[in-house]
Chemist: 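I have a structure here, written as structure tokens, and I will follow up with some questions on it.
These numbers come from a predicted model, not from an experiment.
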Amino acid sequence: MPVLKKNIWLVFYALVLTGSILLAYISYVRWYDIKESLQKQQQYQVELVKNSVSSVLENQSILLRVIGSQITKDVFLNHPDAIRSLFDEQLRLNPELAGIGVSRPDGTPFIVSKNLRQLPRLNLSTAKETSESFKRALVSQDVVIGRTYYHPNLKEWIIPIRKSLRTQEGELYGLVAVGVYLEGTSFWSSATHINPHHQLSVVRDSDLYFQFYSSGWNNSQQSYNKPLTQNSFDTFVQRSTEKYQISEFELRNGSTQISLEYNVRGDSVFSDIRFNPDLGLWFVSEMKNSAVWDVFYHTFWIYCLIFGSTLVIIFFLFKLIYQADKKRHQALVYQAHHDKLTALPNRNYILYKEAERFEKPDNPFSIIFIDMDRFKNINDSYGHKFGDKVLIEITRRLKVSCNSNDLIARLSGDEFLILTSETNPTELTSKAKKIIQTLCEPYDINKQHFILGASAGIAQYPAHGDNLEAVLSSADLAMFDAKTLKSSVSFFDPIMMNDHIDRLKIEQELHRGLSESEFYMVYQPKIDGDGKVYGVEALVRWKNQQLGFVPPDRFISVAESCGLIPALGEFIIKTTLTDIASLQKEIDFEFNVAINISVQQFFHANFVDLLEQEIAGRNIPYDKITLEITESLFIEDIDALLLILQRIRSLGMEISLDDFGTGFSSLGMLRRLPIDELKIDKSFVDNILTEEPARQMVQSIIAISQNYQMSVIAEGVEEIEQAQLLKDFGCYHFQGYHFARPLPLDELREFIIHNRAQASPVAD
């Protein structure tokens, strides 16, 4: 019995502890609910004040414009009594107005409403509180809202709104102003306070003075005469932009709802802030955390009473509590091992729950590593919520494509893993291709229609690794190899590791190569049907100290994957434009220059603006510049692409579609996009003399260009017979080693000079 009693007391003490924890949890939830409720009230209140204040100030601004337009009419301009009558009538109709007056350009009031006529008058240009906005209003065509200041004659705080007056000839007549009572109107009343811990204020963005400060924490008069410190405001901007991941420009556009917590003279405060960009006013609602505690204490003691009463019977509920705790624990374990969005197992699940698989080399299995192509564009274009819906649809398609024995997991972002017991290479390839095909079918999300790609890499255990990280790394390398071909499947091969190491070396040297000027440009002439040079294509080359000469097909893709394309592209554009401008001036001959633009560079922010800046001052006509793009652009956002291409065309530059017929373009896209030129890919030209399909393809491309009124050029022409056949088909522009290899600038100069002197038609 003593042992039993002891155990019961131990259980009881455990229950007391558990109950105490539960009480703390419930109290915290209640405290949080109270705070959330007060925050919502505060959000509503600041929005209400913002709308009310903005409405009143905007209405008074409109009234001021009307008054100003009437004053400057001939019937009023030289009749002060008529103006006074106008003022008195408006004062009668608008009780919120403290007064109306007209001041001369030097700030001296000379016509005022009747309530001000017997009072001493302030010179607005010299008074400290009014001089800044008075002078600004004199030179502005618009209404100017001045600082809130105390009018000693009216003995009221007022908000001045001013506008310059000009005659029909544009001569400055003076300045008309209205004063709006700060207090006494509905939106400034103390009823706007939620509780004694609540404070409302309106801060001017231009000078950080308070436009309004509700009574409460501070002396109001001191508040109006002393602006916020610039350091305090800068801290607010920094915290807001960091919290909401926006720029200061976006912060000031008025669309962001800002909520922050900070300390004010030792008190913890949570605030809600709005900005009206039209009025240049910050609307700030602040509440001390002590308001939460005031409400919370009333309920906390009730909780304590309930806890004490129920402690007597809580022993009988122990089993239920235990079961609930166990269920909660299982839920937490599930969350730790599953992706929250898709409910798929995650990396932790594979690492801990599937660990036994990696302890049995005699039980091989395979991993299919899938990465979605172009998914980042979805998030960038439509937002992450839209991207989440796409990920859910991808998950659904994966489940349909796999059997019940396969384990599907989401590793991160748009990367998925399928762990399968299938080890036959043929069956695995077939399975992976089926999955890729399913994932590449069109998506319809929220009435948006688009296509994604997917690439898959396959690795096997234990052949390609003896632990999870090793097999995943092998599958990742295979997937990377598949991405180079787009929407394909690749098996891991040890040579991929060598390629990976080679790419890492290239990536390392790329950084140094850009900083040490190892890149240089060469230019391949373009020849017309008469054998004359009419343009060149700019091509980048790289000779590295460690790697020697690195072909573009090796380093361009690495530069794209490691984010160096913008810097490399900037070098190509600057160098090319400088070289060609210099050469054209030297030989007095304007010719076309084609510059290759990558996908990343094309969609880089402000690409066209930066290109315009580089062209400016180099005296190269826009119509002598061609931007060469590839068909891979067509798998991006077509609407965004169309806007950029149209702007390029509007500047006068031409657009050439490189490697036409090898990628993703369609006649429908060609019809929509402003393409000036099609380039016949070298792979077709190589076989034009020996293979009928190649000839048919070339003829089709030429026919398309003619139908769409585009020019066409064949690249990779290495034999005179190829040039003659292309000319017979209707292609009269050529590029290739038969005419000239890519040349350094000095050799290009000699080539053009010689060509212009001795050019002859291409074939007969």
Chemist: When you measure from the side chain of Gln722 to the backbone N and O of Val685, does any donor-acceptor pair fall under 3.5 Å?
Modeler: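 Checking the backbone N and O of Val685 against the side chain of Gln722, a donor-acceptor pair under 3.5 Å is found.
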Chemist: Where do Ile445 and Lys389 come nearest, in terms of heavy atoms and distance?
Modeler: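 Minimum heavy-atom contact is CG2-CB, 3.9 Å.
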Chemist: For the pair Gln584 (side chain) and Phe591 (backbone), establish whether a donor and an acceptor sit closer than 3.5 Å, ignoring hydrogens and angles.
Modeler: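 Flag set: sc Gln584 to bb Phe591 pair under 3.5 Å.
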Chemist: For residues Leu514 and Ala567, report the shortest heavy-atom separation together with the two atoms involved.
Modeler: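 It is CD1-CB, 4.2 Å.
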Chemist: Quick check, are the ring centers of Phe519 and Phe555 under 6.0 angstrom apart?
Modeler: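 Under 6.0 Å, so yes.
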Chemist: Run Cys402 and Ile435 through side chain to side chain contact (heavy atoms under 4.5 Å, CB included) and show every step you take.
Modeler: CA-CA 8 Å; Cys402 298; Ile435 293 172; 4.0 Å; yes
Chemist: Decide side chain to side chain contact (heavy atoms under 4.5 Å, CB included) for Phe492 and Val471; before the verdict, give the C-alpha distance in whole Å, the side-chain angles of both, and the deciding distance to 0.1 Å.
Modeler: CA-CA 10 Å; Phe492 175 75; Val471 180; over 6 Å; no
Chemist: Under 4.0 Å between a Lys/Arg side-chain N and an Asp/Glu carboxylate O for Lys385 and Asp388?
Modeler: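 Judged by the 4.0 Å cut-off on N to carboxylate O distance, Lys385 and Asp388 do not form a salt bridge.
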Chemist: Do Asp609 and Arg647 meet the salt-bridge criterion of a basic N to acidic O distance under 4.0 Å?
Modeler: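 Salt bridge flag = yes for Asp609 with Arg647.
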Chemist: Around Asn619, counting heavy atoms of other residues, nucleotides and ligands shown, do more than 12 lie under 6.0 Å from its CG?
Modeler: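 Not buried by this count: 12 neighbours or fewer within 6.0 Å.
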Chemist: Check the surroundings of atom CD in Gln437: do more than 12 heavy atoms from other residues, nucleotides or ligands lie under 6.0 Å from it?
Modeler: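 No, the 6.0 Å shell around CD holds no more than 12 heavy atoms from other groups.
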Chemist: Has the side chain of Asn606 got a donor or acceptor atom that lies under 3.5 Å from a matching backbone atom of Leu610?
Modeler: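 It does not hold such a pair.
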Chemist: Check the pair Leu725, Glu721 against side chain to side chain contact (heavy atoms under 4.5 Å, CB included), reporting the backbone distance first and the verdict last.
Modeler: CA-CA 6 Å; Leu725 187 56; Glu721 291 81 8; over 6 Å; no
Chemist: Between Arg649 and Ile655, which heavy-atom pair has the shortest distance, and what is it?
Modeler: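 The answer is CG-CD1, 3.7 Å.
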Chemist: Within this structure, what is the CZ-CZ distance for the pair Phe751 and Phe739, rounded to the nearest 0.5 Å?
Modeler: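 If I round to the nearest 0.5 Å, the distance is 9.0 Å.
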Chemist: Testing the basics here: between Val533 and Pro525, what is the closest heavy-atom pair and its distance to 0.1 Å?
Modeler: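 Scanning both residues completely, I find the closest heavy atoms to be CG2-CB, 4.3 Å.
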Chemist: Show the numbers, then the answer: is there a salt bridge (charged side-chain N to carboxylate O under 4.0 Å, His left out) between Glu570 and Lys574?
Modeler: CA-CA 6 Å; Glu570 182 180 358; Lys574 285 184 176 180; 2.9 Å; yes
Chemist: Judged by atom type as modelled, is there a donor-acceptor pair below 3.5 Å linking the side chain of Ser366 to the main-chain atoms of Gln460?
Modeler: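 No, the answer is negative, given that no donor and acceptor are paired below the 3.5 Å cut-off.
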Chemist: With a 4.5 Å cut-off on side-chain heavy atoms, are Glu677 and Glu654 touching?
Modeler: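 Of all side-chain heavy-atom pairs linking Glu677 with Glu654, none is under 4.5 Å.
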Chemist: Might you confirm whether atom CZ of Phe249 has over 12 heavy atoms from other residues, nucleotides or ligands at distances under 6.0 Å?
Modeler: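 No, the 6.0 Å shell around CZ holds no more than 12 heavy atoms from other groups.
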Chemist: What's the spacing between Leu417 CG and Asp371 CG if we round to 0.5 Å?
Modeler: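 It is 12.0 Å, given to the nearest 0.5 Å.
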Chemist: Do Arg410 and Thr395 come close enough that some side-chain heavy atom pair is under 4.5 Å?
Modeler: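 A side-chain contact under 4.5 Å is absent here.
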Chemist: Only counting residues at least two apart or in another chain, list the ones meeting side-chain contact (heavy atoms from CB on, under 4.5 Å) with Thr426.
Modeler: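 Checked Thr426 against side-chain contact (heavy atoms from CB on, under 4.5 Å); matches are Asn424.
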Chemist: Counting distance only, does the side-chain N/O of Thr438 pair as donor-acceptor with the main-chain N or O of Lys434 below 3.5 Å?
Modeler: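 Yes, the answer is positive, given that a donor and an acceptor are paired below the 3.5 Å cut-off.
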Chemist: Does a salt bridge link Glu248 with Arg252, judged by any charged N lying under 4.0 Å from a carboxylate O?
Modeler: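 Salt bridge: yes.
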Chemist: Would you indicate whether the side-chain heavy atoms of Asn596 and Glu537 approach each other to under 4.5 Å?
Modeler: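 The answer is yes; the side chains approach within 4.5 Å.
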Chemist: What is the distance from atom CG of Leu745 to atom CG of Leu583, rounded to the nearest 0.5 Å?
Modeler: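 Between atom CG of Leu745 and atom CG of Leu583 there are 5.5 Å.
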Chemist: Look at the side chain of Asn755 and the backbone N and O of Gly531, then say whether any donor-acceptor pair between them is shorter than 3.5 Å.
Modeler: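 Side chain of Asn755 to backbone of Gly531: a pair is present.
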Chemist: If every non-hydrogen atom of Tyr520 is compared with every non-hydrogen atom of Trp542, which pair is closest and at what distance?
Modeler: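 Smallest heavy-atom distance, with atoms named: CE2-N, 4.3 Å.
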Chemist: Could you tell me which non-hydrogen atom of Ile720 sits nearest to which non-hydrogen atom of His738, and how far apart they are?
Modeler: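 Smallest interatomic distance, heavy atoms only, reads CD1-NE2, 3.5 Å.
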Chemist: If you define the side chain from C-beta out and look only at heavy atoms, does anything of Ile648 sit under 4.5 Å from Ile644?
Modeler: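 When only atoms from C-beta onward are counted, Ile644 and Ile648 do touch, with a gap below 4.5 Å.
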Chemist: Scan Leu743, Asp579, Leu539 and name whichever one has a side-chain contact (heavy atoms from CB on, under 4.5 Å) with Tyr523.
Modeler: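 Per the side-chain contact (heavy atoms from CB on, under 4.5 Å) rule, the option paired with Tyr523 is Asp579, out of Leu743, Asp579, Leu539.
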Chemist: Has Glu250 got a side-chain atom pairing as donor or acceptor with Ser247's backbone, closer than 3.5 angstrom?
Modeler: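 Yes, because the side chain of Glu250 sits within donor-acceptor range (under 3.5 Å) of the backbone of Ser247.
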Chemist: Once side-chain contact (heavy atoms from CB on, under 4.5 Å) is applied, do any residues pair with Pro425, and if so which ones, sequence neighbours excluded?
Modeler: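 Listed in chain order: Phe491.
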Chemist: Would you say that more than 12 heavy atoms from the other residues, nucleotides or ligands in this model lie under 6.0 Å from the NZ of Lys624, or not?
Modeler: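 Counting other residues, nucleotides and ligands, NZ of Lys624 exceeds 12 neighbours.
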Chemist: Any side-chain to backbone donor/acceptor pair from Asp476 onto Leu472? Under 3.5 Å, distance only.
Modeler: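 Answer holds: no.
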Chemist: Could you give the distance from CD1 (Ile713) to CD1 (Ile527), rounded to the nearest 0.5 Å?
Modeler: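 CD1 of Ile527 is found 9.0 Å from CD1 of Ile713.
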Chemist: Only counting residues at least two apart or in another chain, list the ones meeting salt bridge (charged side-chain N to carboxylate O under 4.0 Å, His left out) with Glu628.
Modeler: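 Glu628 satisfies salt bridge (charged side-chain N to carboxylate O under 4.0 Å, His left out) with Lys526, Lys679 only.
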Chemist: Less than 4.5 Å apart, side chain to side chain, heavy atoms only: is that true for Leu611 and Leu627?
Modeler: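 Answer yes - side chains close enough.
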Chemist: Any side-chain heavy atom of Ile556 sitting closer than 4.5 Å to one from Leu568?
Modeler: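 Heavy-atom side-chain distance check passes, below 4.5 Å.
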Chemist: With a 4.0 Å cut-off on N to O distance, would you call Arg397 and Glu393 a salt bridge?
Modeler: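 Yes.
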Chemist: Any side-chain heavy-atom pair from Val712 and Ile704 closer than 4.5 angstrom?
Modeler: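 Not in contact.
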Chemist: Between the main-chain N or O of Gln546 and the side-chain N or O of Asn544, is there a donor-acceptor pair closer than 3.5 Å?
Modeler: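 Here the side-chain-to-backbone pair exists.
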Chemist: Mind checking whether Met521 and Ile572 have side chains closer than 4.5 Å, heavy atoms only?
Modeler: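 The answer is yes; the side chains approach within 4.5 Å.
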Chemist: Step through the shown structure and confirm whether more than 12 heavy atoms of other residues, nucleotides or ligands are within 6.0 Å of CD on Gln709.
Modeler: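 Incorrect, the count does not exceed 12.
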Chemist: Could you check Asp728 against Gln724 for side chain to side chain donor-acceptor pair (under 3.5 Å), going step by step and ending with a plain yes or no?
Modeler: CA-CA 6 Å; Asp728 293 342; Gln724 179 61 59; 2.9 Å; yes
Chemist: Would you compute the distance between atom CD1 of Ile458 and atom OG1 of Thr429 and round it to the nearest 0.5 angstrom?
Modeler: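 So the CD1 of Ile458 and the OG1 of Thr429 are separated by 5.0 Å.
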Chemist: Taking it one step at a time, do Ile370 and Leu398 satisfy side chain to side chain contact (heavy atoms under 4.5 Å, CB included)?
Modeler: CA-CA 10 Å; Ile370 298 172; Leu398 286 173; 3.9 Å; yes
Chemist: I need the Ile702 CD1 to Ser711 OG distance, nearest 0.5 Å.
Modeler: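 One gets 12.0 Å once the value is rounded to the nearest 0.5 Å.
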Chemist: Check this for me: does any side-chain nitrogen of one of Arg618 and Glu614 sit under 4.0 Å from a carboxylate oxygen of the other?
Modeler: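 Between Glu614 and Arg618 there is a salt bridge, with a charged N closer than 4.0 Å to a carboxylate O.
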Chemist: Strictly distance-based, threshold 3.5 Å: is any side-chain N or O of Asp658 a donor or acceptor partner for the main-chain N or O of Thr630?
Modeler: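 No, Asp658 side chain to Thr630 backbone: no donor-acceptor pair under 3.5 Å.
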